[in-house]
Structure formats: structure tokens, C-alpha cells
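Working notes for the structure below.
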Amino acid sequence: MQWETVIGLEIHAQLATNSKIFSGASTRFGNEPNRQACPVDLGLPGVLPVLNEGAVAMAVRLGLGIGADIAGRSVFARKNYFYPDLPKGYQISQYEIPVVGTGQLEIALDDGTVKTIGVTRAHLEEDAGKSLHEDFHGMTGIDLNRAGTPLLEIVSEPDMRSPAEAVAYAKKIRTLVRYLGICDGNMQEGSLRVDANVSIRPAGSQEFGTRAEIKNVNSFRFLEKALNFEIERQREILEDGGTVQQETRLYDANADETRSMRTKEEANDYRYFPDPDLLPLEVDQAFIESVRVELPELPDEKRDRFISEYGLPVYDANVLTASRELADYYEATVAAAGGAPKVGANWVMSELGGVLNAQGLDISDSPVSAQALGGLIQRIQDQTISGKIAKQVFEAMVAGEGDADGVIEAKGLKQITDTGEIERMIDEVVDANPGQVEQYRAGKDKVLGWFVGQVMKASRGKANPEQVNQLLRQKLDA
Amino acid sequence: MSLSPDEVRRIAHLARLSVADDEVAANANDLSNILDLVDRMNAVDTSGVTPMAHPQNATQRLRPDVVTEPDQRERYQRLAPAVERGLYLVPRVVE
């Protein structure tokens with residue numbers, strides 16, 4: 001039987017506020033345990049939550065970024081469950097009326113097509129603390145630094161039909177939240193957490209199959225692997241005549257499999273109700289406009305501009321706008337080079353991209369500045385050096401040997417464009433190889449390429465290849 | 001509306017309350033009376049009335065995004081029955 005996969009994602013983005021969503025404690029990552037846990041975060045009796053305006057503004061930013069309706073009035077609710085890293089016994093979340101309503105996002109698929117994925121909603125909530133289960137004489141250790149960190153839970157429609165689409169969507173959300181400056185998108189540190197709801201159904205069926213929710217996926221690669229495993233698991237169950245259980249499953253990266261965590265409690269077991277400690281949140285038009293004017297150019301807008309302004313192919317534009325930092329670097333490179341946008345794109349993506357990849361560096365840690373790379377491209381464009389020599393210069397720049405002009409000067413790599421000098425080298429090569437001259441004159445055109453190679457070799461790569469070609473022809477055809 | 005003894009036990013479990021067997025019948029009766037009151041309120045025609053999320057007809061005041069809480073871990077941890085290496089210790093959670 002042919003099966004169709006149905007995937008929806010719930011993405012939790014930790015908002016990059018300074019303080020927590022309901023308290024004035026810091027949200028900085030990596031401090032010693034409980035140094036950022038104040039009485040509100042500890043759930044001590046008598047404390048009251050006060051909502052952080054910064055978190056609301058960031059939720060609105062996301063809403064505007066996905067073309068969603070912003071709720072003029074939204075309500076905070078208590079989601080009740082018991083776990084020691086949630087000291088109050090409930091998580092403050094939004095249930096019936098979230099701050100961000102229906103929106104959508106476009107994803108580019110590998111075959112070049114574009115697909116629109118619906119976003120059902122995005123709501124504000126607080127993060128829980130962390131439980132450490134190892135090595136406390138049979139006790140569990142609780143760190144509440146993370147408790148109360150603002151989260152924006154972005155819920156998609158079940159619009160994705162393959163793991164590749166799910167990964168493309170998750171990557172697009174990550175790109176967007178980083179552009180918007182509302183989340184650092186770091187999956188390893190848990191700033192961006194992806195839960196996947198996945199089910200399969202007979203191809204052509206309109207009804208959804210029973211889904212499993214996969215948690216504990218902390219990279220895009222693992223997301224794809226976890227989904228592939230889960231789809232295969234469900235297919236085997238159904239083809240053996242069994243039924244899929246609705247449950248939460250954890251992905252184990254070491255074993256590359258998903259494992260049952262617990263049967264998902266019925267939703268009403270959370271006993272959601274409006275939190276009496278918090279009044280309804282009102283977001284008026286003036287507030288929305290104040291957020292809108294601060295919005296940066298968004299990824300899709302930037303990509304379209306790169307295509308129209310720099311004449312880049314869609315592929316290049318997509319790669320270069322994957323992060324704001326990379327896009328800024330590229331634009332600074334083109335500005336420094338004084339043009340040559342396609343040459344600049346090639347250098348940023350291939351040569352620089354290769355170095356960053358090999359050294360495990362981010363574009364913001366690039367050993368070569370955009371100014372310096374632009375300077376190098378300028379020397380290619382004005383024919384001071386050839387593209388081939390430029391790679392040699394670039395390597396020296398990566399090694400910290402100075403800027404393009406400095407390296408070209410120090411290593412004597414300046415391209416030889418002096419006709420007299422090139423002709424001298426041609427004469428030597430031609431005089432030393434009478435046999436090949438005979439062949440060429442006998443009509444064997446291919447020998448010309450050989451001669452060009454010999455002259456380039458004699459010049460140690462520094463001669464201008466076009467000039468060599470032209471002068472050789474003149475000499476041999478004379 | 002009347003709650004069964006099993007429903008009372010389930011609600012008590014969700015709220016982590018221990019209810020003795022000889023209290024279940026009385027609890028079921030009390031809770032059922034409360035639900036009857038809710039039923040009577042439900043009978044009132046409220047079509048056209050926007051539900052309130054809070055008894056006060058006011059909206060949430062917002063706080064500027066500024067860190068105002070200093071680190072007072074030692075002080076707070078004096079209240080805890082067990083701490084180690086800065087962590088609060090609780091009975092082991094078995095998943």
C-alpha cells in the first residue's frame with residue numbers, strides 16, 4: 001500500500017529577553033544553578049507574576065513576520081501538572097486565546113518549488129526548570145535558572161508531507177526568529193526546541209491517522225532521522241494489521257530510534273483555566289505599529305532583493321540570506337569590491353564557506369573581513385591577479401598574512417601584463433619546442449593549449465592567460 | 001449532576017490530594033452540589049455577553065524588560081530541606 005506522511009511541528013523558541021516573562025530575574029544562559037531563580041520563579045507563596053513587555057513585543061514581531069493576526073486581547077491560562085522542575089504545580093501559558101493567530105510561511109523545496117505552510121497560532125508561555133537525575137544519593141537535583149524564561153510556542157498546521165519538508169520549515173522558522181532578533185536559534189543549548197507530530201495514512205485518504213509526538217530532537221539532522229524512523233515504525237505496525245498508539249516518544253540519537261515515553265494524558269487532564277493572577281493582555285494598534293516600524297528586512301524580502309539588485313541566481317540568494325549575518329557580510333563584500341556581485345557570491349559561498357566549514361566557524365568569526373575579501377575581489381576585477389592566483393592570496397589572508405595588496409606585494413604575485421615580458425617567455429618556450437611548433441603549423445590546433453600551459457608555468461601562474469593566448473597565436477601564426 | 005466515587009478519586013489524584021475512602025461519599029455529594037449551582041448559572045441566557053477572563057474589568061500592566069532581581073540563592077536555599085551544589089534536592093523523579 002502507498003502511504004502518505006502527515007507532519008505538524010510545535011516549535012518552542014526561547015525569547016531573547018533580558019529578564020524572565022513574569023519576574024525580574026536574568027535569563028542569561030550558563031550561570032551556576034539557581035543563581036537566576038527569584039521567589040516568583042521558585043513559586044513561593046504570596047508572589048505575583050508581572051508580564052514582561054519585551055516578551056510581548058517579540059511575540060508580535062513573530063506574528064508580523066508570518067503575516068498573522070495579532071489578538072487585541074489574549075488570555076493567560078494555567079496548565080496544571082506536577083513535576084518538581086515546575087514548582088507552582090502549573091505552567092502559565094495561553095490556551096483559548098493566544099496572542100498570535102493564523103499565519104503562514106513559505107518554504108523552498110529541493111526541486112525548486114515553493115510550498116506554503118500554515119501556522120495555526122503562536123502563544124506565550126513560561127519555560128520550566130531542569131531536573132538532574134544523576135548522582136545525588138537517590139535524589140533528583142533541581143535547577144530553576146530556566147524556570148520562567150519566556151517561550152513562544154509556534155504551532156504549525158499538519159501541512160508537511162515528508163521529513164524534508166519538516167526540516168525545511170523548521171530551518172525557515174529558525175532563520176526568521178534570528179532575523180527578527182527574538183531568539184538565538186541555538187538548538188544544542190535548547191533555545192529552539194522542535195517537537196514533531198507525525199502520522200501516516202493511506203495515500204488519497206482524507207482522514208488523519210493516529211499520531212505520535214516526537215520530542216528530544218536537538219538538531220535538524222536528528223529531526224529528519226527521527227521522522228524517518230517513526231514513519232517506518234508506524235508503517236510496519238499498520239501493515240501488520242496493528243494500530244498506532246497516540247503517545248509521546250523520545251528520540252534517542254545514539255540508537256537512532258524513538259521510544260515510548262508515556263501515554264499522552266487527555267488534554268483536559270491539564271485542567272486549563274484562566275490564571276486569576278493575570279489580567280487579559282491587551283495589544284493595541286499603536287503597539288503593533290511601534291513593533292512594525294522596527295522590523296528588519298525579512299528573509300524572503302532580502303532574497304528577492306538579492307535576485308533583483310545583484311542579479312543572483314535563486315540558489316545563491318537563498319544560501320546568502322540564510323542568516324542576517326551572512327547576508328550582511330555578503331553585501332559588505334560587494335560594497336568593498338565596488339561591484340562584481342556574482343564573483344562576490346561565489347567567493348563567499350565557496351572559498352570562504354569552505355574555510356568556515358573546515359574550521360567550524362560562524363560567519364561572524366570569519367578570519368577574513370568583508371572589507372578584506374572585497375579588496376581581493378577588486379584585484380581580480382582590475383586584473384592585478386588571476387582567479388587562480390587569488391585563491392593562493394586568499395589562503396595567505398586566512399592564515400593572517402595581511403590584506404590582498406600586502407600579500408600580492410610580499411609574495412610577488414602581481415599578474416604579468418607587460419606584453420614585452422610575456423613575449424620573451426613565449427619566445428623561449430617556442431624556441432625550445434620546435435616539434436610542437438611543427439605540429440601546430442600542420443593544423444593540430446590542440447597544441448596551442450599545451451603552449452599556453454607551458455608559458456603559464458614559466459610565469460609561475462602570474463601571466464595573464466588571455467594575453468598569453470593572444471600573443472601565442474600571433475607568434476605561431478606569423 | 002452527580003459525581004461518582006471514581007471521578008472524585010481521579011480528580012483527587014490529578015490535584016495530588018489524598019482522600020480517605022470514608023470521605024469519598026461526602027466529597028462526591030459536596031462537589032455535586034457545587035456543580036448543580038454551576039448548572040443553574042448555565043441556565044441563564046448569556047448569549048451576546050463576552051466572557052470575562054478575570055472578575056476585574058481591567059487589562060494587564062506590563063513591566064519593562066529589565067533585570068531587577070539580584071542573586072540571593074543562599075538566602076532562598078536556607079528554606080529548602082535539602083540542597084547540594086546549588087541544586088534543590090527532591091525525592092527521585094521516576095519517569
Side-chain angles (χ1 to χ4, degrees), chain A residues 17-20 22-28 31-42 44 50-57 73 75-77 80-85 87 89 96-97 131-133 136-144 261-262 269 271 274-276 278-282, chain B residues 1 3 6-19 31 34-35 38 41-42 46 49-95:
Chain A
T17 52
N18 300 311
S19 63
K20 293 189 176 173
F22 297 119
S23 82
S26 168
T27 55
R28 196 165 59 86
N31 201 348
E32 286 176 32
N34 293 307
R35 293 226 175 267
Q36 295 169 184
C38 74
V40 171
D41 312 320
L42 298 174
L44 296 186
V50 187
L51 183 57
N52 182 342
E53 181 173 13
V56 175
R73 177 178 169 278
V75 174
F76 286 93
N80 297 279
Y81 66 93
F82 285 89
Y83 207 76
D85 57 25
E96 284 177 330
I97 315 178
S131 304
L132 293 102
H133 299 288
F136 294 103
H137 349 283
M139 309 273 279
T140 294
I142 304 292
D143 176 7
L144 295 169
M261 188 167 101
R262 60 181 142 89
D269 276 3
R271 291 154 294 143
D275 190 334
L278 287 157
L279 292 158
L281 166 64
E282 233 169 52
Chain B
M1 165 142 200
L3 283 177
D6 277 350
E7 284 171 315
V8 171
R9 287 192 193 93
R10 182 162 164 273
I11 293 164
H13 170 74
L14 285 172
R16 300 298 188 273
L17 293 173
S18 98
V19 174
L31 287 170
I34 293 169
L35 291 175
V38 173
M41 291 194 286
N42 269 342
T46 54
V49 180
T50 312
M52 295 173 76
H54 197 276
Q56 284 167 12
N57 194 17
T59 53
Q60 182 63 39
R61 192 175 60 82
L62 301 178
R63 172 178 66 76
D65 179 23
V66 177
V67 175
T68 52
E69 289 285 345
D71 169 23
Q72 300 188 69
R73 184 175 80 177
E74 282 66 27
R75 196 174 156 211
Y76 304 142
Q77 295 204 328
R78 280 204 293 273
L79 300 169
V83 294
E84 189 174 317
R85 281 182 270 158
L87 297 160
Y88 294 92
L89 296 191
V90 299
R92 175 159 236 156
V93 185
V94 182
E95 186 82 296

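Chain letters run A, B, ... following the sequence lines, proteins first and then strands; every chain starts at 1. Keep in mind it's a predicted model, so treat the numbers as computed, not measured.
Interface remark: of the candidates B:Arg75, B:Met52, B:Glu84, B:Glu84 forms the most heavy-atom pairs closer than 4.5 Å to chain A. With respect to chain A, the highest number of heavy-atom pairs below 4.5 Å among B:Leu87, B:Asp65, B:Ile11, B:Thr59 belongs to B:Asp65. Interface remark: of the candidates A:Leu281, A:Leu144, A:Asn52, A:Asn52 forms the most heavy-atom pairs closer than 4.5 Å to chain B. Ranked by heavy-atom pairs shorter than 4.5 Å toward chain A, the options B:Gln56, B:Glu69, B:Gln72 are led by B:Glu69. Interface check for chain B: of the options A:Gly54, A:Cys38, A:Gly89, the most heavy-atom pairs under 4.5 Å are formed by A:Cys38. Between chain B and the residues A:Leu42, A:Thr17, A:Leu51, the largest count of heavy-atom pairs under 4.5 Å involves A:Leu51.
In this structure, chain B has no heavy atom under 4.5 Å from any part of A:Ser131. For B:Val66, the part lying near chain A is the backbone, with the side chain staying farther off; criterion is any non-hydrogen pair under 4.5 Å. Within the 4.5 angstrom heavy-atom criterion, atoms from both the backbone and the side chain of A:Leu278 approach chain B. Using a 4.5 Å cut-off between heavy atoms, A:Val75 touches chain B through its side chain atoms alone. When heavy atoms are compared at a cutoff of 4.5 Å, A:Phe22 approaches chain B solely by way of its backbone atoms N, CA, C and O. Contact annotation for A:Pro84: only side-chain heavy atoms (C-beta onward) come within less than 4.5 Å of a heavy atom of chain B. With a 4.5 angstrom heavy-atom cutoff, A:Ile97 does not touch chain B via any of its atoms. Both the backbone and the side chain of B:Arg61 come within contact range of chain A, with heavy atoms under 4.5 Å apart. Of the atoms belonging to A:Ala25, heavy atoms from both backbone and side chain fall under 4.5 Å from chain B. Only the side chain of A:Val56 comes within less than 4.5 Å of a heavy atom of chain B; its backbone N, CA, C and O stay farther away.
The two residues B:Ala15 and A:Phe82 have their closest heavy-atom pair at O-CZ, 3.7 Å. Nearest heavy-atom pair across A:Lys20 and A:Ala37 is NZ-CA, 4.3 Å.
Between B:Arg85 and A:Asp143, no side-chain nitrogen of the basic residue sits less than 4.0 Å from a carboxylate oxygen of the acidic one, so the salt-bridge criterion is not met. The residues A:Glu32 and B:Arg73 are annotated as salt-bridged, a charged nitrogen and a carboxylate oxygen being separated by less than 4.0 angstrom.
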Q | Full working for side-chain hydrogen bond (donor to acceptor under 3.5 Å, both in side chains) between A:Ser23 and A:Asp41 | A | CA-CA 7 Å; A:Ser23 82; A:Asp41 312 320; 3.0 Å; yes

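Distance check, rounded to the nearest 0.5 Å: CD of B:Gln60 to CG of A:Asp275 gives 9.5 Å.
Side-chain contact of B:Arg63 with B:Thr68: a donor-acceptor pair under 3.5 Å is absent, judged by distance alone.
Heavy-atom contacts from other residues, nucleotides or ligands closer than 6.0 Å to CG of B:Asn57 number 12 or fewer. Heavy atoms of other residues, nucleotides or ligands lying less than 6.0 angstrom from CD of B:Glu7 number more than 12.
No side-chain heavy atom of B:Leu14 sits less than 4.5 Å from a side-chain heavy atom of A:Asn80.
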